[in-house]
Colleague: 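Questions regarding the structure given below will be posed in turn.
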Amino acid sequence: MRKTLASPAVVSGIGLHTGVPATMTFKPADNGITFLRTDIKDAKPIQARLDNVGSTLRGTNLKNETAEVWTVEHALSALHALGITDAAVEMDGPEPPVTDGASDQYVDALQKAGLTELDAEQPLLNIKQKITYSCGSISYSAEPADKLTFTFLFLHKHPLVSRQEFTLEFTPENYIKEIARARTFGFEEELAFLKAHGLAKGGNLENAVIVGKDKFLNELRYRDELVRHKILDLVGDISLTGRKLPPLKITCACGGHKHNVIFAKILLANSEDK
């Protein structure tokens with residue numbers, strides 16, 4: 001069944017890329033997940049759907065003809081992990097709070113608000129055969145399985161994080177334990193470039209793992225925290241199908257937001273709706 005919140009949940013803080021403070025208020029709803037910019041006069045709610053993805057530069061950004069919201073994948077990931085299909089999300093800024101760089105604070109706030117079932121079923125992403133997508137060294141696949149799992153392979157030229165791989169058996173409990181605390185990350189050598197291009201203005205050692213030349217600049221929460229965060233992002237991006245995921249084996253090598261969204265569109269196009 002579809003689920004929404006039993007009461008409002010509130011999360012406040014600065015945005016990762018804009019550095020602008022914002023308060024997000026998650027309210028009960030029955031028309032899917034929407035984002036409303038309350039700081040923009042006459043803004044209309046933005047449906048959290050694949051066809052509203054405006055850009056995927058260092059995050060997944062949604063827009064309609066009246067407004068845009070940046071970097072929504074962490075909030076979407078938390079909503080999807082808890083099975084919340086309907087929520088009216090109000091924001092008084094352009095970007096959700098980065099919190100600690102993960103999704104655990106969103107999970108905590110949503111759980112405290114409580115969940116309630118709606119009198120309707122969530123449509124299923126009905127995948128009956130193996131679906132693949134690749135672009136150069138990037139690859140994705142999804143195929144029917146006995147349970148829903150996400151496997152991600154992260155490869156990078158940096159020797160500290162050259163190869164990380166993780167498989168998550170997707171349940172709310174496993175997500176909270178294994179994924180929700182994994183923070184976004186960046187490489188020290190990239191920071192000047194990002195800030196020069198108007199990105200990562202809110203990023204710091206309190207909300208991101210920074211990989212230095214020969215060491216991590218902050219303490220890791222998991223030995224393989226980077227690849228776990230990639231799964232966190234993937235869950236958020238695939239939730240934009242608006243469908244419940246059946247038991248599937250989902251794998252990804254070297255993907256990111258742009259290709260997550262492309263793959264999600266391919267899955268939706270291949271859903272065998274009854």
Side-chain angles (χ1 to χ4, degrees), residues 11-24 53-63 68-78 91 93-106 135-138 152-166 179-237 252-262:
V11 179
S12 298
I14 62 168
L16 173 63
H17 290 304
T18 62
V20 175
T23 294
M24 289 182 84
V53 175
S55 64
T56 50
L57 180 63
R58 296 287 175 162
T60 300
N61 309 321
L62 304 176
K63 70 176 182 179
E68 183 174 17
V69 288
W70 289 43
T71 328
V72 294
E73 60 271 10
H74 297 175
L76 288 175
S77 187
M91 297 171 52
E95 186 178 22
V98 64
T99 65
D100 60 355
S103 65
D104 52 343
Q105 292 186 28
Y106 286 106
C135 180
S137 62
I138 297 165
F152 203 107
L153 173 63
F154 177 75
L155 301 174
H156 198 277
K157 62 183 180 180
H158 197 294
L160 283 179
V161 293
S162 57
R163 188 184 195 279
Q164 293 188 5
E165 185 172 6
F166 190 80
I179 300 297
R181 296 184 66 248
R183 295 162 294 177
T184 192
F185 59 89
F187 295 84
E188 189 177 23
E189 62 194 40
E190 294 181 325
L191 293 181
F193 173 84
L194 290 173
K195 291 182 184 294
H197 287 75
L199 297 170
K201 292 180 179 178
N204 56 52
L205 291 173
E206 301 301 316
N207 56 39
V209 175
I210 305 299
V211 186
K213 183 178 180 180
D214 54 9
K215 66 177 182 178
F216 293 98
L217 302 191
N218 38 8
E219 187 175 348
L220 294 177
R221 294 176 173 177
Y222 308 98
R223 177 184 57 80
D224 50 2
E225 187 166 356
L226 277 63
V227 72
R228 293 180 191 233
H229 186 81
K230 297 293 281 188
I231 291 178
L232 187 158
D233 283 345
L234 180 58
V235 169
D237 290 338
C252 176
C254 306
H257 295 298
K258 175 183 176 180
H259 296 282
N260 289 350
V261 169
I262 292 172

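Heads up: numbering here begins at 1 and tracks the sequence.
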Colleague: Please round to the nearest 0.5 Å and tell me the distance separating atom OH of Y222 and atom CZ of F166.
Modeller: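 Reported to 0.5 Å precision, the distance equals 8.0 Å.
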
Colleague: Do the side chains of N61 and T71 get nearer than 4.5 Å, heavy atoms only?
Modeller: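 Result yes, sub-4.5 Å side-chain heavy-atom pair found.
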
Colleague: Does this structure show an ion pair linking E189 with K213, if we count only N-O contacts that are shorter than 4.0 Å?
Modeller: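 Judged by the 4.0 Å cut-off on N to carboxylate O distance, E189 and K213 do not form a salt bridge.
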
Colleague: Tell me whether the centres of the aromatic rings in H17 and H197 are closer together than 6.0 Å.
Modeller: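 Between H17 and H197, the centre distance exceeds or equals 6.0 Å.
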
Colleague: Kindly give the heavy-atom pair with the smallest separation between Q105 and V11, and that separation in Å.
Modeller: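 Closest pair (atom of Q105, atom of V11, distance): O-CG2, 4.4 Å.
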
Colleague: Working to the nearest 0.5 Å, report the span between CD1 of I210 and CG of L217.
Modeller: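 Output value for this atom pair is 6.5 Å.
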
Colleague: Identify the two heavy atoms, one from Y106 and one from M24, that lie closest to each other, and give their separation to 0.1 Å.
Modeller: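 Looking at all heavy atoms of both residues, the closest pair is OH-SD, 3.5 Å.
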
Colleague: Ion pair present between R163 and E165, side-chain N to carboxylate O less than 4.0 angstrom?
Modeller: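 Yes, R163 and E165 are salt-bridged.
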
Colleague: Hey, is E190 close enough to R58 for a salt bridge, meaning N to O under 4.0 Å?
Modeller: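 So E190 pairs with R58 through a salt bridge.
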
Colleague: Would you please test D100 and R221 for salt bridge (charged side-chain N to carboxylate O under 4.0 Å, His left out) and show each step?
Modeller: CA-CA 12 Å; D100 60 355; R221 294 176 173 177; 3.0 Å; yes

Colleague: If you look at every heavy atom in L232 and A182, which pair is closest and at what distance?
Modeller: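 Closest approach of L232 to A182, heavy atoms only: CD1-O, 3.7 Å.
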
Colleague: Test H229 against every option in I231, V227, D233 by the side chain to side chain contact (heavy atoms under 4.5 Å, CB included) rule and name the one that passes.
Modeller: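 Among I231, V227, D233, the one that satisfies the side chain to side chain contact (heavy atoms under 4.5 Å, CB included) with H229 is D233.
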
Colleague: Test side chain to side chain contact (heavy atoms under 4.5 Å, CB included) on R228 and F154; report intermediate values, then the result.
Modeller: CA-CA 9 Å; R228 293 180 191 233; F154 177 75; over 6 Å; no

Colleague: Is any side-chain heavy atom of S55 less than 4.5 Å from a side-chain heavy atom of E68?
Modeller: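 Side-chain contact under 4.5 Å: yes.
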
Colleague: Could you tell me the separation between the SG atom of C254 and the CD1 atom of I138, rounded to the nearest 0.5 Å?
Modeller: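 The SG atom of C254 sits 7.0 Å away from the CD1 atom of I138.
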
Colleague: Nearest 0.5 Å please: distance from the CD1 atom of I262 over to the NE2 atom of H257.
Modeller: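 Nearest 0.5 Å value for the CD1-NE2 distance: 13.5 Å.
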
Colleague: To the nearest 0.5 Å, what is the distance between SG (C252) and NE2 (H259)?
Modeller: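 Output value for this atom pair is 9.5 Å.
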
Colleague: Can you say whether the rings of F187 and H156 are parallel (under 30°), tilted (30 to 60°) or perpendicular (over 60°)?
Modeller: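 F187 vs H156 ring planes: parallel.
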
